Amino acid sequence: MTIRRAIDEARALLDEVISHHYGLKDIAYDVAEPKEEQYGDLYSNLAFQLSKLLRKSPSAIAEEVCSACTKIIAKYRMIREVEPHSAGYINFRLDMHELARITLEEVKSKGKAYGSRDIGKGKRVLIEHTSVNPNKALHIGHVRNLVLGDTIYRILRFTNHNVVVLNYVDDSGLQVADIVVGFKFLNFPQNGSKKFDHYCGDDVYVKVNEMYEHDRSLLERRREVLKAMEDYNSDIARFAREVTSRVLDEQLKTCWRLNARYDCLNFESQIIASRLWDRALSILRASGIVKMDDNPSSKYYGCLVVKAGVEGEEKVLVRSDGTATYIAKDIPYAMWKLGILEDPFKYVKYTEQPDGTVLWATSLDHDGSSLHINGADIAITVIDVRQSRLQRIITKILSMLGSDDGRYRHLPYEVVALSSSTARLFNIEIGDRRFAHMKGREGIYINADDMLDRLHTKAYEEVKVRNPEADEQWLHRTAESIAVAAMRYSMLKQDLDKIITFDIEDALNLQGESGQYIQYAYARASRILEKASSIVVRARKEEGEGKEGVRVGVGEGEGVGEGADIDIDTSSTHLLGKDEMVLVKAIARFDLMVEDTVKSLNPKTLARYCYSLAMIFNEFYEKVPVLHEQDTNLVKARLSLVKAFMYTMSNCMSLLGIDALERM
RNA sequence: GGGCCCGUAGCUCAGCAUGGAUAGAGUGCCUGCCUUCUAAGCAGGUGGUCGUGGGAUCGAAGCCCACCGGGCCCGCCA
């Protein structure tokens, strides 16, 4: 938060020089942190930007600017020096004591809100993620979707967006029909020995698809099932809802396990039954966006067609037999999200989630609650990049209906694939390729629960060694948090447009850049404060209340006592040295990272920041003694810094959905 | 055939939006460091024609063009 203030000051200083010394204004230039410490605390590329205009070399301009700056620098509290670099950069040195003081003060006053800014102004955002077909368990590809969506939800909520999270349940699609065929026509038992979603996905779905290969008549069965499911009140439709809701309930357990939560489930069967499509269609017809193709020689003769792609690409919405296509189901849903269509739904409580919030579900019953779910300022749909074309068409249709650009936003991301060595475990030989795609129908994927279990087991062993006296419940809770952190971080750290090549061995390696590294840094900090407070308590008991010379004199009179915490005290921050300042600066740029992430909707930025913050703390931890320092005031200052780190880290981890553990 | 994306160290990836300072991490491999706040850590070493070629620029990993290699999308399937 305070790096931002320093940047603002540096800009103000440079602007003053630009206008007074050169008589110029509105020059575009950057002020940012350099990648290396030797180049100062901030740098600007102003001299490069001015060099064409002034027809002088960047380094000459840098020198001029710096000497002009130096004359008026006294006004600017945070900036201590401005010096030119021969390459042409203008480098700033900050008053680090001032930076440390105001940073710690800000962390102290904001606490859990540290790093938050009012970016959203209360804007209503609807975000849809997860949306896994309810015929199988989540695999690691779905996990990427969920983790991205849930993290963006957390970050938007933190920056004052009014966010509603949707999970779309396609309970009337082809994949559900596949398992219905299995249960109704192939006599698969309706209870497997494993978790029901795993059973349906790993066994029923895969085997039914195998059988299609040998028995083409089964495809006819599937068509019948699909048709029957369209009638909301048919026996098949009822049965399908029964099965899908059992699968869904198991899927939700996995989602919650991953620290995700939702506000509302939207069932496709209900969207269809609500006649939302008819109303959407009449709007589309009235606005002339869709047209009946009446040219007998056209390939789309008799179809209702939309022209919405690039280069006038056409897309069929209603077939010549009057049935709607796949994309036609998405259009009314998207219109509903933005409030273009009036809400036909009532809402019922589906269940209470582990975080205590209510999960609602759409309902067609008249006695449900009328909530205000739809009608958002912005609707974000998290779906992988393969859906980009369809999503672009939907976006185009919405903009033709007059919705402002950017209100409907597809967040595309690349898929998760298997590394060559992991692929080999599935007996896939991929030659010299670097990865192999997962295939649901062929059973080639890694289930989320299975991977979490393996991570859990691995973490459990390690935690047990480190905490031999701890009880089982605590050990498992801790191992679970570590497993989830590992999973979430591995999905977040990579850029959205890169395929994640998932390697089981790599994922199980508990070293290096990972979720547990982040948790470890926090746990180390936490132990310092824990010991500090027990020292304070002991010292007080031994020496009596109010006596001077208490070994660790922090937070006198406030929050010190049995089990009490250490609070941030900024009276001694001037004692902090160079090694501590690296950590101060890292803490001070948290909000810049948050803002960056909101703008790009790419959580990678924040994930990597969180890792770098952990790394910087670990360096601090090795280099700088806190409790073993002799100078009581310096101990106080360092403890305050550790505490500030913990607030920042905890806020950042919470945005990533990673549990902050006091001990591990 | 058309469209989108990727290509940086043995491997997995940052950096590219907005060109500028000796191209960075993790992992792997090799060395050190637990009688001091948790060694899931830290320090050091190893490792790079930034896919190739051209162009504009004082200056390119980044911008433009072409090509090569890989992936995805393009149905009256869902």
Side-chain angles (χ1 to χ4, degrees), chain A residues 28-30 32 34-36 38-39 43 45 47-48 51-52 57-58 85-89 91 133 170 172-177 226 293 299-305 309-311 313 315-321 323 325-327 329 384-390 392 412 414-415 417 419-421 432-435 437 459 462-463 465-467 482 490 493-503 506 509-514 516-517 519-521 523-532 535 599-600 604 608 611-612 615 618-619 621-629 638 642 663-664:
Chain A
Y29 62 92
D30 264 347
K35 44 191 173 189
E36 281 179 60
Q38 56 165 316
Y39 301 125
Y43 78 92
N45 65 348
F48 294 107
S51 82
K52 271 172 201 148
S57 79
H85 184 277
S86 56
Y89 288 99
N91 295 336
N133 277 311
D170 181 0
S172 56
L174 198 67
Q175 297 198 8
V176 168
L226 204 55
D293 190 331
K299 64 174 174 173
Y300 295 139
Y301 177 59
C303 296
L304 212 51
V305 170
V310 271
E311 299 292 311
E313 185 187 6
K315 193 78 199 164
V316 173
L317 295 187
V318 177
R319 303 183 187 97
S320 49
D321 67 2
T323 58
T325 58
Y326 171 64
I327 186 176
K329 293 178 186 172
D384 75 54
V385 69
R386 293 171 299 186
Q387 295 280 344
S388 292
R389 185 180 288 257
L390 287 183
R392 213 177 306 127
E414 263 292 359
V415 296
S419 74
S420 54
S421 64
D432 55 353
R433 302 269 156 71
R434 291 151 88 104
F435 59 85
H437 284 293
E462 187 72 28
V463 186
V465 170
R466 287 155 182 270
N467 302 275
I482 294 169
S490 71
K493 69 174 174 186
Q494 204 135 320
D495 200 21
L496 294 175
D497 52 20
K498 279 204 171 119
I499 293 171
I500 290 181
T501 45
F502 195 88
D503 187 276
D506 247 24
N509 182 358
L510 298 179
Q511 259 83 45
E513 181 180 359
S514 61
Q516 61 272 15
Y517 180 98
Q519 289 177 310
Y520 186 62
R524 280 176 139 187
S526 167
R527 295 305 304 280
I528 293 177
L529 290 202
E530 191 185 311
K531 295 208 168 172
I535 289 168
K599 278 184 182 156
S600 64
K604 168 192 73 173
R608 287 182 174 274
Y611 171 68
S612 79
M615 193 155 53
N618 274 332
E619 282 164 23
Y621 184 90
E622 301 280 342
K623 261 196 227 171
V624 183
V626 178
L627 300 177
H628 298 288
E629 168 59 44
R638 286 180 181 163
V642 171
R663 184 194 277 252
M664 62 190 276

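Note that this is a predicted model, so its numbers are computed, not measured. We name chains A, B, ... by the order of the sequence lines, and we start the count at 1 in each one.
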Checklist outcome for this item: Side-chain contact check for A:Thr325: nearest option of B:rA78, B:rU38, B:rC42 is B:rA78
Checklist outcome for this item: B:rA17 -> Watson-Crick or G-U wobble partner, both distances under 3.5 Å, gives none
Checklist entry - Paired with B:rU52 by Watson-Crick or G-U wobble geometry, both distances under 3.5 Å: which nucleotide is it? => result B:rA66
Checklist outcome for this item: Winner on side-chain proximity to A:Arg433, out of B:rG70, B:rC13, B:rC5, is B:rG70
Checklist entry - Is A:Arg638 close to A:Val624 at the side-chain level, that is, under 4.5 Å between some pair of heavy atoms? => result yes
Checklist entry - Under 4.0 Å between a side-chain N/O of A:Arg392 and OP1 or OP2 of B:rC74, yes or no? => result no
Item to check | Listed nucleotide nearest any side-chain atom of A:Lys498, set B:rC77, B:rU8, B:rA39 | outcome: B:rU8
Next on the checklist: Would you measure the distance from the P atom in B:rG7 across to the matching atom in B:rG15 and give it in whole Å?
Outcome noted: 10 Å
Checklist entry - Looking only at side chains, do A:Tyr517 and A:Asn618 share a donor and an acceptor under 3.5 Å apart? => result yes
Checklist entry - From B:rA39, B:rU12, B:rU18, pick the nucleotide closest to the side chain of A:Asp30? => result B:rU18
Checklist entry - Do the side chain of A:Asn45 and the base of B:rA21 come within less than 3.5 angstrom through a donor-acceptor pair of N or O atoms? => result no
Checklist entry - In Watson-Crick or G-U wobble terms, both distances under 3.5 Å, what is the partner of B:rU27? => result B:rG10
Checklist entry - Which one, B:rC42, B:rC11, B:rG26, comes nearest to the side chain of A:Tyr611? => result B:rG26
Next on the checklist: Could you tell me how far B:rC42 sits from B:rA25 if I compare only their C1' atoms? Round to whole Å.
Outcome noted: 16 Å
Item to check | pair A:Met664-A:Gln516: side-chain heavy atoms closer than 4.5 Å | outcome: yes
Checklist entry - Mind checking the C1' distance from B:rA9 to B:rC50? Whole angstroms is fine. => result 10 Å
Checklist outcome for this item: Whole-Å distance, A:Leu317 CG to B:rC77 C1', equals 15 Å
Checklist entry - Between A:Val316 and A:Ala87, which is nearer to the 5' end of RNA chain B once each is assigned its nearest nucleotide? => result A:Ala87
Item to check | Closest listed nucleotide, where the reference is the side chain of A:Tyr520 and the choices are B:rA39, B:rC37, B:rU18 | outcome: B:rA39
Item to check | Distance, C1' atom - from B:rU18 to B:rG53, rounded to whole angstrom | outcome: 27 Å
Checklist entry - Looking at side-chain heavy atoms only, is the closest gap between A:Arg319 and A:Thr325 below 4.5 Å? => result yes
Next on the checklist: Using whole Å, what does the distance between atom P of nucleotide B:rG71 and atom CD of A:Glu414 come to?
Outcome noted: 12 Å
Checklist outcome for this item: Taken to the nearest whole Å, CD/A:Gln387 to C1'/B:rC5 is 16 Å
Next on the checklist: In whole Å, measure the gap between the C1' atoms of B:rG48 and B:rG54 for me.
Outcome noted: 23 Å
Checklist entry - Can you tell me how far P of B:rA39 sits from CE of A:Met615, to the nearest Å? => result 18 Å
Item to check | Who pairs with B:rC4 - Watson-Crick or G-U, where each distance is under 3.5 Å | outcome: B:rG71
Checklist entry - Toward the 5' end of RNA chain B, which comes first, A:Ile327 or A:Met664, by nearest nucleotide? => result A:Met664
Next on the checklist: Using the side-chain heavy atoms of A:Thr501, tell me which of these nucleotides is nearest: B:rC13, B:rA14, B:rU38.
Outcome noted: B:rC13
Next on the checklist: What I want to check is whether an N or O donor and acceptor connect the side chain of A:Ser320 with the base of B:rC76 at under 3.5 Å.
Outcome noted: yes
Item to check | Watson-Crick/G-U partner (both atom distances under 3.5 Å) of B:rC42 | outcome: B:rG32
Next on the checklist: Please give the distance between the P atoms of B:rA61 and B:rA17 as a whole number of Å.
Outcome noted: 13 Å
Next on the checklist: Let's test your reading of the model: under 3.5 Å, does the base of B:rC73 pair with the side chain of A:Arg389 as donor and acceptor?
Outcome noted: yes
Checklist entry - Would you call B:rC34 syn or anti, using the 90° rule around 0? => result syn
Checklist entry - Which value, in whole Å, describes the distance between the C1' atoms of nucleotides B:rU57 and B:rG70? => result 32 Å
Next on the checklist: In the structure I gave you, are the side-chain heavy atoms of A:Tyr611 and A:Lys493 within less than 4.5 Å of one another anywhere?
Outcome noted: no
Item to check | Rounded distance in Å - CZ (A:Phe48) to C1' (B:rG19) | outcome: 10 Å
Item to check | Span that lies between the P atom of B:rU36 and that of B:rG24, in whole angstrom | outcome: 35 Å
Checklist outcome for this item: Here the distance between atom P of B:rG75 and atom NZ of A:Lys315, to the nearest Å, is 5 Å
Checklist entry - How close or far is atom C1' of B:rC74 from atom CG of A:Leu390, stated in whole angstroms? => result 10 Å
Next on the checklist: Tell me the interatomic distance from A:Tyr43, atom OH, to B:rA21, atom C1', rounded to whole angstroms.
Outcome noted: 10 Å
Item to check | Nearest-nucleotide pick for A:Arg386, side chain only, options being B:rC72, B:rC42, B:rC74 | outcome: B:rC72
